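Predicted, not measured: the structure shown is a model, and the values here were computed from it. Read the numbers this way: they start at 1 and go in the same order the structure lists the ligands and their atoms. FYI, side chains are in, hydrogens and waters are out, and symmetry mates aren't considered; it's all heavy atoms of this structure.
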Amino acid sequence: MNFRYQVLPSDCEDVRRIVDSTGFFYPDEVDMAVELVQAHLEQGPDSGYHFVFAQDAGGVHGYTCYGPVACTRGSFDLYWIAVDKNRQQQGLGRELLEHTEICIQASGGMRVYIETSARELYRPTQRFYERCGYEAEARLKDFYAPGDSKIIYVKHF
Ligand SMILES: CC(C)(COP(=O)(O)OP(=O)(O)OC[C@H]1O[C@@H](n2cnc3c(N)ncnc32)[C@H](O)[C@@H]1OP(=O)(O)O)[C@@H](O)C(=O)NCCC(=O)NCCS
């Protein structure tokens, strides 16, 4: 597997396919994932959105999107991580996150924040973050909707 940091126009379609394949996201969330790629294509790093793509001869199989949090010293957000449904649970998500953490540290990042839903559907995702060394630091009750709370995970370097 190769890891790529430049963003290509073809990534719009690949991100849509990968995010859609997970079955986790509403259509407007899929659109939002693609919009972040478009923002980087138009504005480059000034967009605030940076990417790591995992690919081989068969195509792009997963990606992360991250960026610095404005007005902080060393805080970064992980906006998206998704691995194609057919490639999940084979270690690719962990590898992508590790490459992303290296990029963040190289940019002066000292901690990474990840927000996710506390819904049962996201239990495997929560488990993934915990297995990758993230700690659930805050829980915002009913944040997304009544009965749908937000969990904020963090890792300090
Ligand atoms: C979450 C996601 C990125 C993980 O990627 P992945 O390639 O499947 O995960 P990995 O194979 O690298 O797993 C890494 C660790 O997490 C654990 N893990 C992964 N999926 C898991 C699951 N469904 N249930 C329990 N643990 C899981 C693995 O056991 C592994 O732990 P270990 O190495 O200690 O054994 C991927 O499943 C995905 O795209 N999910 C849907 C989208 C999503 O939820 N994105 C995050 C919100 S933006």
Side-chain angles (χ1 to χ4, degrees), residues 1-5 7-8 10-40 47-70 75-105 109 111-145 147-157:
M1 197 64 60
N2 294 310
F3 293 88
R4 167 168 61 77
Y5 310 102
V7 183
L8 307 173
S10 56
D11 290 324
C12 292
E13 265 321 292
D14 285 324
V15 162
R16 182 175 294 285
R17 172 182 51 77
I18 291 165
V19 171
D20 205 29
S21 80
T22 66
F24 268 62
F25 301 105
Y26 298 119
D28 57 330
E29 292 176 308
V30 178
D31 288 343
M32 199 188 302
V34 177
E35 278 165 24
L36 302 190
V37 181
Q38 283 163 341
H40 185 106
S47 64
Y49 300 116
H50 304 264
F51 293 82
V52 179
F53 295 96
Q55 64 181 39
D56 63 13
V60 181
H61 304 299
Y63 84 104
T64 63
C65 174
Y66 68 93
V69 182
S75 291
F76 276 66
D77 273 328
L78 183 83
Y79 298 114
W80 284 88
I81 178 166
V83 170
D84 190 285
K85 182 86 183 151
N86 299 320
R87 296 286 183 137
Q88 289 179 9
Q89 305 219 43
Q90 298 167 35
L92 190 51
R94 181 189 283 279
E95 268 195 282
L96 270 166
L97 197 46
E98 285 171 358
H99 277 266
T100 304
E101 289 168 0
I102 290 168
C103 292
I104 289 173
Q105 287 182 79
R111 62 202 84 81
V112 185
Y113 293 89
I114 309 178
E115 301 179 358
T116 196
S117 166
R119 269 190 296 156
E120 198 52 38
L121 172 70
Y122 284 90
R123 189 66 204 121
T125 307
Q126 296 158 22
R127 180 109 185 94
F128 167 74
Y129 294 138
E130 287 157 15
R131 298 297 295 170
C132 290
Y134 285 76
E135 277 184 36
E137 178 137 311
R139 192 183 180 99
L140 308 189
K141 201 165 178 288
D142 297 330
F143 180 86
Y144 294 110
D148 186 357
S149 304
K150 169 153 92 177
I151 304 176
I152 303 175
Y153 284 91
V154 66
K155 181 187 266 190
H156 292 260
F157 298 127

Item to complete: Return the option from Gln90, Arg87, Gln89 holding the heavy atom at the smallest distance from atom 6 (P) of ligand 1.
Response: Gln89
Worksheet item: Is any side-chain N of the basic residue among Asp148 and Lys141 closer than 4.0 Å to the acidic one's carboxylate O?
Response: no
Worksheet item: Considering only the protein, which heavy-atom contact is closest to atom 7 (O) of ligand 1, and what is its distance?
Response: Gly93 N, 2.8 Å
Fill in: Protein non-hydrogen atom found under 4.0 Å from atom 26 (N) of ligand 1
yes
Worksheet item: Polar-atom distance check: Arg94 versus ligand 1, any N or O pair below 3.5 Å?
Response: yes
Discussion item. Gly91 versus ligand 1: do any nitrogen or oxygen atoms come within less than 3.5 Å of each other?
Written reply: yes
Discussion item. Can you tell me which portion of Arg131 lies within the under-4.0 Å heavy-atom range of ligand 1? Options are side chain, backbone, both, or neither.
Written reply: side chain
Fill in: Part of Glu95 with heavy atoms under 4.0 Å of ligand 1, whether side chain, backbone, both or neither
neither
Worksheet item: With the threshold set at 4.0 Å, does a side-chain nitrogen-carboxylate oxygen contact exist between Asp14 and Arg17?
Response: yes
Discussion item. Hydrogens and angles aside, do Tyr129 and Glu135 bring a side-chain donor and acceptor to less than 3.5 Å of each other?
Written reply: no
Practice prompt. Distance to 0.1 Å, residue and atom name: give those for the protein heavy atom nearest to atom 44 (O) of ligand 1.
Written response: Thr125 OG1, 2.8 Å
Worksheet item: Nearest to atom 46 (C) of ligand 1, what protein heavy atom do you find, and at what distance?
Response: Tyr129 OH, 3.2 Å
Worksheet item: Is it the side chain (CB and beyond), the backbone, both or neither of Phe24 that lies under 4.0 Å from ligand 1, heavy atoms counted?
Response: side chain
Worksheet item: Just checking, is any N or O donor in the side chain of Arg87 or Gln90 under 3.5 Å from an acceptor N or O on the other one?
Response: no
Worksheet item: Do Arg16 and Asp31 meet the salt-bridge criterion of a basic N to acidic O distance under 4.0 Å?
Response: yes
Worksheet item: With ring centroids as reference points, do Tyr79 and Tyr66 lie under 6.0 angstrom apart?
Response: no
Worksheet item: For Arg139 and Ser149, does a side-chain donor sit closer than 3.5 Å to a side-chain acceptor?
Response: no
Practice prompt. Report, in ascending order of atom number, the atoms of ligand 1 lying under 4.0 Å from any heavy atom of Ala82.
Written response: 39 (O)
Item to complete: Show your reasoning for whether side-chain contact (heavy atoms from CB on, under 4.5 Å) applies to Tyr63 and Ile81.
Response: CA-CA 6 Å; Tyr63 84 104; Ile81 178 166; over 6 Å; no
Worksheet item: Which is it for Ile81 and ligand 1 at heavy atoms under 4.0 Å: side chain, backbone, both or neither?
Response: both
Discussion item. Test side-chain hydrogen bond (donor to acceptor under 3.5 Å, both in side chains) on Thr125 and Thr116; report intermediate values, then the result.
Written reply: CA-CA 8 Å; Thr125 307; Thr116 196; 5.4 Å; no
Worksheet item: Can you tell which of Val83, Thr116, Asp84 gets a heavy atom nearest to atom 39 (O) of ligand 1?
Response: Val83
Discussion item. Does only the side chain of Gln88 get under 4.0 Å from ligand 1, or the backbone, or both, or neither? Count heavy atoms.
Written reply: both
Worksheet item: Who's the nearest protein heavy-atom neighbour of atom 22 (C) of ligand 1, and how far?
Response: Pro124 CB, 3.6 Å
Worksheet item: Looking only at heavy atoms, is any part of Tyr63 under 4.0 Å from ligand 1, and if so is it the side chain, the backbone, or both, or is it neither?
Response: neither
Worksheet item: Between the candidates Tyr122, Phe128, Phe25, which shows the shortest non-hydrogen contact distance to atom 2 (C) of ligand 1?
Response: Phe128
Fill in: Any donor-acceptor pair under 3.5 Å from His40 side chain to Tyr49 backbone
yes
Item to complete: May I ask you to check whether Tyr5 and Phe3 place their ring centers less than 6.0 Å from one another?
Response: no
